[in-house]
Each structure stands twice: as C-alpha cells, then as structure tokens.
Protein chains: 2
Amino acid sequence: MSAKGEDSDTEKLIKDTAKKVFFKEGRFNATTQEIADAAGVNRTLINYYFRSRDNLFNLVFEDAQKKEDERIHALVFSDMPLKRKIEMFLDEFFTQAKEYPYLEIYMVTQMNQGSCYEDAEAMSRLLDKMYLEIAIEMDKGNVARMRPEQFMLNMISLTSFPVSMRPLLEQSMGFSTEQFDKLLEERKEIILNMLFIN
Amino acid sequence: MSAKGEDSDTEKLIKDTAKKVFFKEGRFNATTQEIADAAGVNRTLINYYFRSRDNLFNLVFEDAQKKEDERIHALVFSDMPLKRKIEMFLDEFFTQAKEYPYLEIYMVTQMNQGSCYEDAEAMSRLLDKMYLEIAIEMDKGNVARMRPEQFMLNMISLTSFPVSMRPLLEQSMGFSTEQFDKLLEERKEIILNMLFIN
DNA sequence: TTTTGTTTTGACAAAAATGTCAAACTAAAA
DNA sequence: TTTTAGTTTGACATTTTTGTCAAAACAAAA
C-alpha cells in the first residue's frame, strides 16, 4: 500500500513505541533492539524506515518539541487575560507531565548534548508578547515589579521543576506516586498565588 | 609509594578529570577513551584503578552527592534563622552552579536510571527540621500558609531550575553567558521576596 | 496464476566501546 | 646493584550495538 506521505503501520508503531520508551519510561539510552522488542518488530525495520538510530531519535524529539511549541503558541496568542493564560498553561503542563513524565528532562539533556533550538525567531516573538503583557500587569499592580524575564523564569521554574525532577523528588522527599499527584494538583493554586499579588 | 587509603596521583587525576568532563562540560556519555585523553593518561589505567567504567561513574557521582549532602546538612542544622539559612543556601547553590553547571541535571538523570538515594533516614530528619522551622515562620506570619512541603518545593524549584536548565534557557530565551550570570545574581533577592512575606 | 513492488527477516559485517593480560618501566628498599 | 612492589603500556579478546544485504514473505494488480 503506502500512500505517499502517510506513515505505514509499522513505521508509526515504531515511532510511537520509541516515544513511549523515552518519554513514558525515561530510558533515554535504550538500544534499537530494546525499542524493537518493545514494539514487537524486527530490529532491522528501524533501519528500513529510519535509516539510523540517530534519525529515529531526532525525529521523535523534534516531533514532540513541535507539538509543545504549537500548544504554547496557541495559548500565548489567544485572547485571554494573562492570569487565565497561565492558569491554562499550568493545567496543560501538569496533564502532559502525567502522560509523559520524562519529556521535559529529555529535552534538556538533548539540548545539553548540542541539539539546538529550531525557530529562534518565533520564540523571540512569543517571549516579547509575554514580556509586554507581564509589564502591563505590573503597571496595574497585579504583579510584583521585576524584570519580566524573571517573572517568566519564576513561572516556568515553579511549574516545570517538580515535574522534571519528579523521580528525584519522590525518592528524596519520600512521596508515593499518589501523594505526589495530589501535591501537583495543589500546586496550581499555590503557583498562581506566588506569581500574582491579589 | 601509595600510603593506604590515600589516592595515588593518577587515581586522583582520573577522578578529577571525570568530574570535570561530566559536571563542567556535561558530556555524560563520555567514553573511557575520552576521559583518559582529557586526563592525558592511558585508557587502561581507568581499569587498573577503578575496575570498570561503571565503577568510576558511580564513585564520582556518590562523591559529589555526599559533598552536597554534607554542605546542606551543616546549613540546616546550624544555628541561624530560617531566612538566613535560605539566603546562604542560595549563595552556595549559585556559586557551585557556576563551577559545575551540569551537576544537578546529572543527578536527576542518574536518579531516573534507577540510582537510588543513599541515606533516606538522614534526609527525612533534615526535611522534618525544615518543615518545623517553616511552620514556625508561618505562625509568625512571615511566610504564606501552605503545606511546608510546598514551600520547600517552591524554594528548590526557583533556585535549581534556572541552574539545571541553563543551556536550554540561554538558548531559548536568547541570553549570553554574561547576561544569564547577571540574571542569576538578581534572582537571590527575588527568590527571597517570593518566599517571605515582609 | 504470474508479476510486481513493498515489507519483513535472518545472517553477516562493521564499528564502537570495554576489559584483560603479560611485559616493560620506575623508583624505593634491601 | 639487585630486588621488589607498584605503575604504566600496547596488543589482544570480548562485548555491545549498529548497519547492510540478499533472500523470503506478502499482498495487490495484471
């Protein structure tokens, strides 16, 4: 069969499985054999569909990055007040974190290895829009005065850190999975209260 | 020579170099050959002194973890008011982050791969002491009411995230090394203001 | 049924990385 | 100087992982 442009079943199966192995299970160093086993296919099919292991890795990575970028973009350029945007961001973020606990940390380790950000222009526009809205809220007295960059850093830190460091935190702070889920649930409110004054 | 218990020169050289390669340069997948080259020694000396690559990795990791644990412990059980402790913690943290930018993130990836925390008992006592002091500050009205665990999470998030994610943040937010250093410097004040009310 | 093009497979080759070993080297002690 | 014990080295073996290829299997079209 193989309609042009459309992934064959096995091709998609392999990609999905790789995503699962990386982002759901956190096994970033999984070998092609392990991925093939997890997908229940012959290992060489990975070469057949993706040429090389590196290729598969990059593809999965870029896919995930692109999707996240799109979601963020839609939110930032939507027609909502800043606080509401951040509220929705928190929701999305924690939801996705539950599905793919290792996605964030993977992006960072990738970045550390030299993988570089794709569309710096788009990111720059997005940040500028946020900085502007943040500045306006500061003028209104809804947000403590600081460089907007610091506000962004605060927001992303308070949100992302507990998610990416979850395994470490669960272990060192002695939480069960359920307890930590509850903790994250509570955090939405707490984070909003820390970011906004009223 | 080799007095018992004392590392030979080369042994120490290899360990130090490994630490540098991992934590200063973030090359977590460096091969034994690369480490040997960086240290300017024959590769097999790694086997001679450390049996296996895994052994060296674990040793370096546990060493760093132990040192960090000791510093934190000394701080927490010192005789200072909470705010002062946190102030010093921030200083130490950012200082070390400058020397070993990749140490934090390495700990996490290690933890993700199944490496498990050594002394759960000690950590538990340390956390309890912190929780108690935090609760007291809440009673005094110096800290917003919430579960002390959330306060801890806030503190460590605001501090650790910008450090561990530095490469990603520099790239995506478009900061130079100098700019980011300055940003971190500013953060000490900002974090304290977010954590404490007055 | 034969043909055709794609998909799948196992055997094999190649590459990359780790680990072992005996011999060479070194420097202090006898 | 000889001995001795620890250190260093290069050659080699092993292991692990990746990539190639020709042949087999498959399914739709002729």
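Chain letters run A, B, ... following the sequence lines, proteins first, then strands; residues in each count from 1.
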Expressed in angstrom and rounded to an integer, what is the separation of [X] atom [atom1] from [N] atom [atom2]?
X     : N      : atom1 : atom2 : result
A:N47 : D:dT18 : CG    : P     : 9 Å
B:E34 : C:dA16 : CD    : P     : 12 Å
A:F50 : D:dT17 : CZ    : P     : 20 Å
A:D54 : C:dA15 : CG    : P     : 16 Å
A:I46 : D:dT18 : CD1   : P     : 8 Å
B:D9  : D:dT7  : CG    : P     : 10 Å
B:Q33 : D:dT15 : CD    : P     : 21 Å
A:N29 : C:dT18 : CG    : P     : 12 Å

Distance check: side-chain N/O of [X] vs OP1/OP2 of [N], anything under 4.0 Å?
X     : N      : answer
A:N42 : C:dG10 : yes
A:T10 : C:dT8  : yes
A:Y49 : C:dT8  : yes
B:T32 : C:dA17 : no

With A:E34, which of A:R27, A:R53, A:K20 fulfils salt bridge (charged side-chain N to carboxylate O under 4.0 Å, His left out)?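 Only one option passes, and that is A:R27.
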
Decide yes or no for [X] and [Y]: does some side-chain heavy atom of the first lie under 4.5 Å from some side-chain heavy atom of the second?
X      : Y      : value
B:L75  : B:M88  : yes
A:Q150 : B:R187 : yes
B:M152 : B:Y131 : yes

For the side chain of B:Y48, counting heavy atoms from C-beta on, which of C:dG19, D:dT18, D:dG6 is nearest?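 Looking only at heavy atoms from C-beta outward on B:Y48, the closest nucleotide is D:dG6.
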
For the side chain of A:R53, counting heavy atoms from C-beta on, which of D:dT7, D:dG19, C:dT8 is nearest?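 Among the listed nucleotides, the one closest to the side chain of A:R53 is D:dG19.
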
Is A:T44 touching bases, backbone alone, or none of the nucleic acid, heavy atoms closer than 4.0 Å?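 Base contact.
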
Do B:R43 side-chain and D:dG10 base share a donor-acceptor contact under 3.5 Å?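 Answer is no: no donor-acceptor pair is held.
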
A:E189 CD: over 12 foreign heavy atoms closer than 6.0 Å: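 No - once you tally the heavy atoms of other residues, nucleotides and ligands closer than 6.0 Å, there are 12 at most.
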
